[in-house]
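In what follows, a single structure is set out as structure tokens and then discussed.
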Amino acid sequence: SNVSWDTLTLDVDDDGVATLTVNRPDKLNALNAETLEAMLEALDEAEAQDVRVLVVTGAGDKGFIAGADIGHMQELSTPEAQEYAELGHRVCDAIESFPAPVIAAVNGYAFGGGCEVALACDLRVASERAVIGQPEIDLGIVPGWGGTQRLSRLIGDERARRLVFFGDRIDASDAYEYGLVGEVVAHDQLEDHVAEMAKELAEKPKHAMQVAKESLNMVHEEPQNAGLAFERRAWSSLFGTHDQREGMSAFLDKRDPEFE
Ligand code: HXC
């Protein structure tokens with residue numbers, strides 16, 4: 001199926017893979033309030049369709065998302081800025097808690113809010129053309145959609161400080177070295193490569209995948225003892241499910257599993 005907004009599309013294929021494409025290429029997919037609202041609706045729609053994997057990407061040659069919309073932000077008052085920050089946080093939180101893996105296909109510029117959207121995803125794959133950074137400092141602001149927190153947790157404090165303080169824009173290979181993306185592929189192979197990854201993940205047992213994501217998210221949300229307690233409960237809750245019995249029987253029978 002395909003659902004479109006003015007600046008966004010959501011495609012869901014027969015394998016249960018949804019692709020959310022920010023489609024505002026003339027502004028390098030900068031996220032204005034309208035696009036953020038549409039992203040929230042698209043995430044709800046994808047969840048309602050019970051998709052197994054979500055891919056987030058940007059339209060056009062220069063790709064991903066060049067940030068929050070600077071034109072929109074320029075004249076904001078503090079309460080208006082708060083509202084705009086809140087909206088972006090809601091989008092990033094919805095991606096992070098989306099009940100299936102979310103892959104950012106970083107096909108070009110991912111700056112500021114664009115980097116922050118990528119950080120909220122479970123996995124990041126970059127094309128060789130990707131350029132990534134948190135250049136807010138040079139606009140007289142700082143990352144405002146969770147970047148200071150998620151960046152530091154993903155790549156470590158020193159590297160996060162370097163990116164946020166200097167506002168440097170780094171290329172795909174430096175982003176890989178930083179651990180900011182998991183993989184770099186040739187630009188013209190990005191779409192196919194991410195589609196293959198998504199298909200593979202979509203075939204995994206759904207409930208176990210959800211528990212895996214939720215448990216890994218706890219690393220960032222709770223002190224370790226709470227996360228360990230959660231893992232113990234969530235782990236045992238998978239026993240007795242069809243996929244657990246099938247996965248284990250298939251292994252012992254030396255055959256491929258057929259998940260629900
Ligand atoms: C609004 C943007 C934009 C942005 C690009 N455009 N980025 N508009 N917000 N973040 C617009 C340009 O104004 C221009 O519009 C068109 O997109 C094409 O951009 P160019 O600059 O002409 O293209 P190019 O020379 O290829 O340079 C690409 C670029 C550069 C390197 C990505 O556009 C750039 O540096 N953009 C800003 C990146 C940035 O600072 N992002 C962080 C934003 S702050 P016209 O109409 O002139 O054609 C942020 C805060 C998040 O994200 C937290 C919020 C709470």
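Just follow the structure's listing: the first ligand is 1, and inside any ligand the first atom is 1.
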message = The criterion is side chain to side chain donor-acceptor pair (under 3.5 Å); which residues satisfy it with R159, sequence neighbours excluded?
response = none
query = At their closest point, which heavy atom of L8 faces which heavy atom of L20, and how far apart are they?
reply = CD1-CD2, 3.4 Å
task = Heavy-atom cut-off of under 4.0 Å around ligand 1: list whichever protein residues fall inside it, by chain and number.
result = D26, K27, L28, A30, K62, A66, G67, A68, D69, I70, M73, Y109, F111, G112, G113, E116, P135, E136, L139, G144, W145, R169
What donor-acceptor contacts under 3.5 angstrom involve side-chain atoms of residues 51-66, with partners at least two apart or in another chain?
from : atom 1 : to   : atom 2 : distance (Å)
T57  : OG1    : A105 : O      : 3.0
T57  : OG1    : N107 : OD1    : 3.4
T57  : OG1    : N107 : ND2    : 3.4

query = Which is it for R150 and D93 under the salt bridge (Lys or Arg N to Asp or Glu O under 4.0 Å) test, yes or no, and what are the steps along the way?
reply = CA-CA 11 Å; R150 290 193 181 98; D93 290 351; 3.0 Å; yes
query = Strictly under 6.0 Å, is that where the ring centroids of Y84 and W145 end up?
reply = yes
query = In chain order, what residues pass the side chain to side chain contact (heavy atoms under 4.5 Å, CB included) check against S97, with sequence neighbours excluded?
reply = none
